[in-house]
Structures are given as C-alpha cells and as structure tokens.
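Let me begin by presenting the structure, written as structure tokens, before commenting on it.
All values below were derived from every heavy atom in this structure, side-chain atoms included, with hydrogens, water molecules and symmetry-related copies excluded. In what follows, chains are A, B, ... by sequence order, proteins preceding strands, each numbered from 1.
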There are 2 protein chains.
Amino acid sequence: MVPVMSESPKQGARERILEAAYDLFSRRGIRDVSVDEIISRSKVAIATFYRHFSSKDQLAEAFLNRREEVWTSELLVAEAVKRGAAPKDQLLAIFDIFDEWFESEHFEGDSFVKVLLEMGPEHPLGKASINHLNNVRAMIRDIAERAGLTDLDDVAHSLQILMKGCIITASMGDVGAGARAKLMAERLIAEHTPADVTAAGDAPTENALAE
Amino acid sequence: MVPVMSESPKQGARERILEAAYDLFSRRGIRDVSVDEIISRSKVAIATFYRHFSSKDQLAEAFLNRREEVWTSELLVAEAVKRGAAPKDQLLAIFDIFDEWFESEHFEGDSFVKVLLEMGPEHPLGKASINHLNNVRAMIRDIAERAGLTDLDDVAHSLQILMKGCIITASMGDVGAGARAKLMAERLIAEHTPADVTAAGDAPTENALAE
DNA sequence: TTCTCATGAGAAGGAGCGTTCTCTTTACAT
DNA sequence: ATGTAAAGAGAACGCTCCTTCTCATGAGAA
C-alpha cells in the first residue's frame with residue numbers, strides 16, 4: 001500500500017511538504033510564507049497539500065512539533081548532554097552550542113518565540129508555542145535536578161531568561177551573546193550550588209551509584 | 001494656517017492616526033493591523049491618511065520613532081534615573097519597572113523585538129528596529145559608565161540579554177521574570193564593580209585603574 | 001462673500017492569499 | 001490487463017489588503 005519511503009531522494013508527499021515547511025517557517029515565520037511557496041518548494045500539487053493537511057495552520061502546528069523533536073530535543077538537549085560530563089557542564093554547554101549556532105549560516109532565531117510574538121498568546125499557534133517553550137524549560141530543569149542544584153524552578157526559569165535573551169541579542173547582531181550568557185549562567189549555577197560539608201567537592205552526599 | 005492643536009480632545013488628523021497606530025502596532029505588531037483598522041479607530045478618511053503618510057510602512061516607521069521617545073526614553077530610562085539615587089540603583093530599577101509593566105493591563109511586549117522578528121533583519125522596519133535597540137543599549141551603557149563599572153560594552157550587552165530575556169519569558173507567563181533578571185543583574189554589576197582598595201575586596205589582582 | 005485648502009465619504013483598482021473543485025495521470029496490487 | 005488509490009495540474013472562488021481616485025463638505029482668510 002503505502003510506498004516504502006525511508007530517506008530516499010524521492011520521499012512521500014507529506015514528508016516533502018513538512019521539510020519545505022520546516023525550512024521556510026523556521027526562517028521566516030508563519031505569515032510570511034504562503035501555501036503557494038510551500039507547494040512549489042516541495043513539488044506537490046495544491047490538492048495533495050490539502051489531502052495531507054486540512055489547513056495552513058495545521059501544517060504550522062505540525063512544524064512546531066517537529067521543531068521540538070529536531071531542534072530542542074536532538075540538536076540542543078541531546079547535544080548538550082553529549083558534550084558535558086557533569087550535569088553542570090551540560091547546562092553550560094547549551095551556550096556553547098548557541099554560539100556555534102549563531103555563527104552558522106542557518107541561524108534562524110527561536111521559532112517558538114517568533115511564532116508566539118507573531119500570532120499572539122491567544123491564537124492556537126501562540127498557545128502551542130508557549131507549550132513547547134515550557135517543555136524546553138522542563139528539560140533544562142531535569143538537568144539542573146541531576147546537577148543537584150537548589151531552587152530548581154527558579155534556576156530553570158532564570159536559565160531560560162538567559163537563553164531567550166542571548167538568542168534575541170544575537171539576532172540583533174551581538175556576536176558575543178553566547179559567551180556573555182554563559183558567564184551569567186556560571187554565576188547563577190554557582191549561586192544555586194548547595195554548600196558542601198565535606199570539602200573541595202561539589203555535590204552533596206555523593207551519589208555513589210552514578211548513572 | 002495650521003490650527004493650534006495642543007492636546008485638546010479634537011486633535012489634528014496626523015496626531016490621531018499616530019496615536020491609533022501606537023496603540024494597535026504596539027499590541028499586535030505591524031502585519032496584523034490593517035490600514036482600515038487604523039483609520040476607523042482614528043476617525044480619519046482614508047484619503048487623509050495617505051495625505052499624511054505615504055504608506056503603511058512609513059507610518060510604522062513613525063510609530064517606532066515614537067516608541068523610542070515615549071517608551072524607551074520617558075517610561076524606561078527617565079523613570080529608572082528618577083527612582084535610583086546611585087547609577088547602580090538606576091540600572092537595577094529597570095527590572096522593577098519591568099515587573100510593574102508585566103503586571104499592568106497593557107503589557108504589550110517589546111515592540112522593537114516584535115517588529116524585528118516579524119519583518120526580518122533585511123526589511124527596512126527590521127533594520128530600524130535594530131537601530132532603536134542599539135539606542136536602548138547606548139542609554140544603558142551611559143548609566144553603567146556613570147556607575148563606574150568596568151567593561152562597559154560587555155555590561156551593556158549583558159544587561160540587554162537580561163532585559164530581552166525577561167520580557168520574552170514574561171510574555172510566556174513567567175510572573176517572576178523581572179525579579180529573576182534583577183538578581184542576575186546584581187551579580188553582573190558586582191562582578192564589574194572595580195575592587196575598592198579600602199575594604200574586603202573579592203576579585204583577584206584587581207585592575208586598579210577602573211574606568 | 002468668496003477663495004482656498006484640509007478633511008470626509010466612499011468606490012474601485014490591483015494584487016495576494018487560503019481554500020475548494022474538476023479532471024487527468026501515475027503506480028502499484030491483483 | 002484491470003482496478004484502485006494517491007498524486008499532479010490548474011482554474012476559480014471569496015476574501016482581505018494596500019493604495020488611488022473622485023467628489024462633496026466645512027472652516028478659516030481675504
């Protein structure tokens with residue numbers, strides 16, 4: 001029935017649409033991209049488009065979901081975990097990843113923030129964006145918890161201020177935004193590291209059973 | 001010739017247009033607001049509109065200029081200077097002002113950031129927004145200079161990260177964003193306060209020649 | 001009053017957009 | 001070969017939007 005389309009050059013229509021939408025939406029937002037542009041990029045007939053997605057907004061919703069999978073989970077969180085040995089280093093690695101992202105050719109800014117500001121917090125897509133942004137913060141909070149920090153909610157919210165702030169200022173041309181935010185993150189983390197009774201160590205009541 | 005229209009209930013057409021545009025643009029961005037909506041709000045004929053502004057984009061440009069006058073200069077910087085005795089307190093007062101702004105009924109978010117993300121950095125309005133954002137940072141830098149802080153450019157950029165970051169997260173619903181950013185700003189300022197030879201300093205090998 | 005100029009009211013042009021519809025073509029399963 | 005379901009091509013509808021144009025109204029200056 002359904003043709004096998006792993007990742008061959010000729011993909012299924014739905015996948016081609018989603019890829020084109022990902023490219024265009026992440027760079028330019030939702031409103032600035034027309035359905036015509038998406039179907040011509042994905043080489044799909046207009047009727048085929050509406051057979052797979054009931055509306056442009058629903059495609060935008062699918063885009064936001066994929067954005068969380070691809071960008072938040074794989075490119076950011078998984079990469080940060082891979083780079084840092086200790087959870088604290090993982091949190092700081094986020095800003096290194098940002099720095100490289102800022103300098104790369106396809107720095108498109110924060111899609112969730114862009115869509116939220118574009119559509120407003122009442123629009124379904126704005127609400128969806130807030131949801132995704134909350135998910136990002138939840139993942140950050142998880143790492144902070146593994147790092148043994150105090151006031152987890154506060155730390156997660158504060159780190160998100162630094163993350164969003166440096167993405168915005170990078171969009172305005174601040175090339176040092178990532179490094180600056182990282183410094184502030186280091187101070188934040190130090191401030192929320194519980195005092196250690198034992199000595200020059202860091203974490204309390206060392207977790208003997210690592211991993 | 002020109003009728004005297006100070007601030008009476010019946011203002012000139014141009015002023016009425018600008019006021020309506022300020023209200024609508026600052027809350028919803030540029031694209032989401034139609035010319036029809038502006039003229040009906042300002043009770044002006046469509047022909048009158050185009051006699052005063054050659055295009056919607058030019059009105060948007062005038063809006064951004066007014067936004068800097070009214071919001072950045074008067075509501076933010078002047079208010080911060082009024083609240084703080086010492087320049088350092090003035091810098092921190094910014095986040096108190098933000099906090100009250102977040103809770104007020106007309107928290108519309110950062111217009112410059114909104115327009116920048118909406119139009120992109122290549123569009124004239126996006127470029128204008130970046131200009132205004134740079135002006136904001138310049139004003140912050142001035143206060144930091146009067147506070148005698150070190151690394152003025154770095155401090156100004158870092159404070160802007162905190163400002164933009166907490167505005168964004170406040171837009172997503174973080175009610176404590178202002179307080180959190182203020183705490184990080186305090187740490188930042190402390191870190192850039194030149195060591196005082198007279199007292200219990202903290203940093204190592206302090207740069208004696210501050211400023 | 002008469003002249004002048006800003007404003008008002010509204011129609012219309014011209015373009016773009018999201019969406020629906022009809023008809024044809026392709027490709028695979030039986 | 002035949003049947004079936006997906007995909008392609010393209011026209012068209014209805015709507016919104018920015019902008020221009022025409023003509024009437026009103027208030028102040030001479």
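Per the geometry, CD belonging to B/Glu37 stands 12 Å off C1' belonging to D/dT16, to the nearest Å. Atom pair B/Ile39:CD1 and C/dT7:C1' shows a separation of 13 Å (rounding to whole Å applied). Atom CZ of B/Arg14 and atom P of C/dC5 are 20 Å apart (whole Å).
Residues forming a salt bridge (charged side-chain N to carboxylate O under 4.0 Å, His left out) with A/Glu191 (at least two apart in sequence, or on another chain): B/Arg187. Scanning for side chain to side chain donor-acceptor pair (under 3.5 Å) contacts around B/Arg28 gives B/Asp32, B/Glu37, with sequence neighbours left out.
Classification of the B/Phe98-B/Phe95 ring pair by plane angle, with boundaries at 30° and 60°, yields perpendicular. Below 30°, between 30° and 60°, or above 60°: for A/Trp71 and A/Trp101 the angle between ring planes is between 30° and 60°, a tilted geometry.
Not one side-chain nitrogen or oxygen of A/His52 sits closer than 4.0 Å to the OP1 or OP2 atom of D/dA6.
In this structure a side-chain-to-backbone donor-acceptor pair under 3.5 Å is present from B/Ser26 to B/Asp23. Side chain of B/Arg31 to main chain of B/Glu118: a donor-acceptor pair is present (N/O by atom type, distance under 3.5 Å, no hydrogens or angles).
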Protein heavy-atom contacts under 4.0 Å, written 5' to 3' over nucleotides 9-23 of chain C as B (base), S (sugar-phosphate only) or - (none), form the string BB------SSBBB--
